[in-house]
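So that the names make sense, note that chain A is the first sequence line, chain B the second, and so on, each numbered from 1.
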Amino acid sequence: MFQMDGDSSTTDASQLGITGEYMAGSHFVLAQAPEDEGDEGLNDHEDGNGSKDNLREQDIYLPIANVARIMKNAIPQTGKIAKDAKECVQECVSEFISFITSEASERCHQEKRKTINGEDILFAMSTLGFDMYVEPLKLYLQKFREAMKGEKGISGVTVTEGMGEELTEETFTNPLPAGIITADGQQQNVMVYTTSYQQIPGVQQLQFS
Amino acid sequence: MSGKNMEEKVEQATNSKNISLPVSRVRLIMKSSPDVSCINQDALFLTTKATELFVQHLALSSYKNGSGKETNTLSYSDLANVAEETETFQFLTDILPKKILARDYLKSLEEMEKDDENL
């Protein structure tokens with residue numbers, strides 16, 4: 001699963017700045033030298049860049065401003081964040097994404113599938129000790145889907161829930177392409193959609209005002 | 001739906017749905033994993049959102065772990081400590097080595113060399 005090159009501990013000379021970042025008399029030596037991170041990058045399954053073009057896979061991070069903002073909102077308002085902590089979390093984030101993705105990808109392969117889907121991701125999180133994220137994520141996914149449907153150019157759309165008993169079983173079994181409105185004999189126009197891997201309990205309805 | 005078109009829609013939706021991370025960048029990182037071919041839209045969204053949760057989780061845990069010692073500041077060593085102490089974050093220990101003072105390291109190097117000579 002997750003493998004690192006053996007010599008990545010702090011006793012590795014190259015990491016403690018012997019390559020030139022050593023600062024005499026300074027409080028800490030930064031255990032970072034970009035050139036040396038080539039061997040212990042974000043993805044440990046391959047040694048080199050393989051087919052990657054200009055950007056080394058180890059260098060792909062999320063923008064630090066976004067990361068810092070999320071951090072700031074998470075800690076108490078009076079708290080501050082050291083600059084190297086922000087940079088560090090940036091790297092941790094890329095590590096996290098790779099961690100989850102590898103696990104999800106592995107499961108995909110085992111099941112002879114080529115596309116990583118949402119369930120693979122959720123399963124990976126559960127396996128890797130992040131099961132506390134799973135339930136909130138499912139909720140977010142639901143809301144996200146509603147937002148996606150809403151932005152298909154239909155104006156005046158509101159979403160209501162709770163009229164599930166009026167629809168038959170059949171409406172859930174056939175996936176309907178988004179954007180098709182079916183009138184099923186009721187007073188409202190109802191748009192029903194099913195997802196590829198999960199049936200959403202209860203009914204999502206769109207009302208046109 | 002074409003892939004490119006979908007990503008634009010995803011970006012739009014994420015803007016209105018409180019995601020503060022660039023989905024396309026997340027996708028790039030995911031694709032840099034070996035043997036990853038296709039990532040469906042749900043997977044991409046879930047990963048992006050999970051990453052947000054992860055940042056919050058990591059930041060808060062580290063901050064709580066460290067406060068009292070530091071002056072209200074989340075420092076690198078708080079992160080390194082939490083990675084070592086918390087099982088969930090242990091996958092980070094290799095990229096969060098605890099920094100040691102250079103002179104301590106050099107001292108221990110010397111001692112190791114002395115031990116070797118004495119053998």
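- In this view, Tyr133(A) and Phe130(A), His57(B) satisfy the ring pair (Phe, Tyr, Trp, His ring centres under 6.0 Å) rule, not counting sequence neighbours.
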**Report entry** Stepwise side-chain contact (heavy atoms from CB on, under 4.5 Å) test for Asn72(B) and Lys80(A)
**Finding:** CA-CA 6 Å; Asn72(B) 245 3; Lys80(A) 295 184 223 143; 5.6 Å; no

Report task. Please test Leu141(A) against Asp42(B) for side-chain contact (heavy atoms from CB on, under 4.5 Å), starting from the C-alpha separation and ending with a verdict. Result -> CA-CA 7 Å; Leu141(A) 185 62; Asp42(B) 284 352; 3.8 Å; yes

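- The line from CD of Glu91(A) to CG of Leu79(B) is 11.0 Å long, rounded to the nearest 0.5 Å.
- For the set Pro76(A), Cys92(A), Ala74(A), Ala124(A), the entry with the most heavy-atom pairs within less than 4.5 Å of chain B is Cys92(A).
- Proximity of Asp35(B) to His109(A): side-chain heavy atoms (C-beta onward) are separated by under 4.5 Å at one or more points.
- To the nearest 0.5 Å, the span separating CZ on Phe144(A) from CG on Leu44(B) amounts to 8.0 Å.
- Only the side chain of Ile121(A) comes within less than 4.5 Å of a heavy atom of chain B; its backbone N, CA, C and O stay farther away.
- One N or O on the side chain of Asn66(A) and one on the backbone of Ser20(B) form a donor-acceptor pair closer than 3.5 Å.
- Taken to the nearest 0.5 Å, the CG atom of Asp78(B) stands 10.5 Å off from the SG atom of Cys88(A).
- Within the 4.5 Å cutoff, the side chain of Leu46(B) has heavy atoms near those of the Leu122(A) side chain.
- Of the listed residues (Asp120(A), Ile100(A), Val89(A), Val134(A)), the greatest number of heavy-atom pairs within a distance under 4.5 Å of chain B belongs to Val89(A).
- Looking only at side-chain heavy atoms (C-beta outward), Pro63(A) and Pro22(B) come within less than 4.5 Å of each other.
- Within a 6.0 Å sphere centred on CD of Glu87(B), heavy atoms belonging to other residues, nucleotides or ligands number 12 at most.
- Nearest heavy atoms, Arg25(B) versus Tyr61(A): NH1-O, 2.5 Å.
- For Arg69(A), the part lying under 4.5 angstrom from a heavy atom of chain B is the side chain only.
- Contact annotation for Leu53(B): both backbone and side-chain heavy atoms come within less than 4.5 Å of a heavy atom of chain A.
- The shortest distance between side-chain heavy atoms of Cys38(B) and Lys114(A) does not fall below 4.5 Å.
- The most heavy-atom pairs under 4.5 Å with chain A, out of Leu96(B), Thr88(B), Val36(B), Thr93(B), come from Thr88(B).
- Leu62(A) has its side chain within reach of Val26(B): a pair of non-hydrogen atoms, C-beta onward, lies under 4.5 Å apart.
- Between Phe91(B) and Leu128(A), the closest side-chain pair of non-hydrogen atoms is not below 4.5 Å.
- Interatomic distance, OG1 of Thr73(B) versus NZ of Lys83(A), reported as 15.5 Å (0.5 Å rounding).
- Using a 4.5 Å cut-off on side-chain heavy atoms (C-beta onward), Glu52(B) and Ile70(A) make contact.
- Looking at Gln56(B) and Asn73(A), their side chains never come closer than 4.5 Å, going by heavy atoms from C-beta outward.
- Residues Ser98(A) and Ile29(B) approach most closely at OG-CG2, 4.0 Å, considering heavy atoms.
- Proximity to chain B is limited to the side chain of Ser105(A), based on heavy atoms less than 4.5 angstrom apart.
- Between atom CG of residue Leu137(A) and atom NZ of residue Lys49(B) there is a gap of 8.5 Å, rounded to the nearest 0.5 Å.
- Closest non-hydrogen pair, Ile75(A) versus Tyr63(B), comes out as CG2-CB, 3.8 Å.
- Between the CZ atom in Phe45(B) and the CZ atom in Arg145(A) there is a gap of 9.5 Å [rounded to 0.5 Å].
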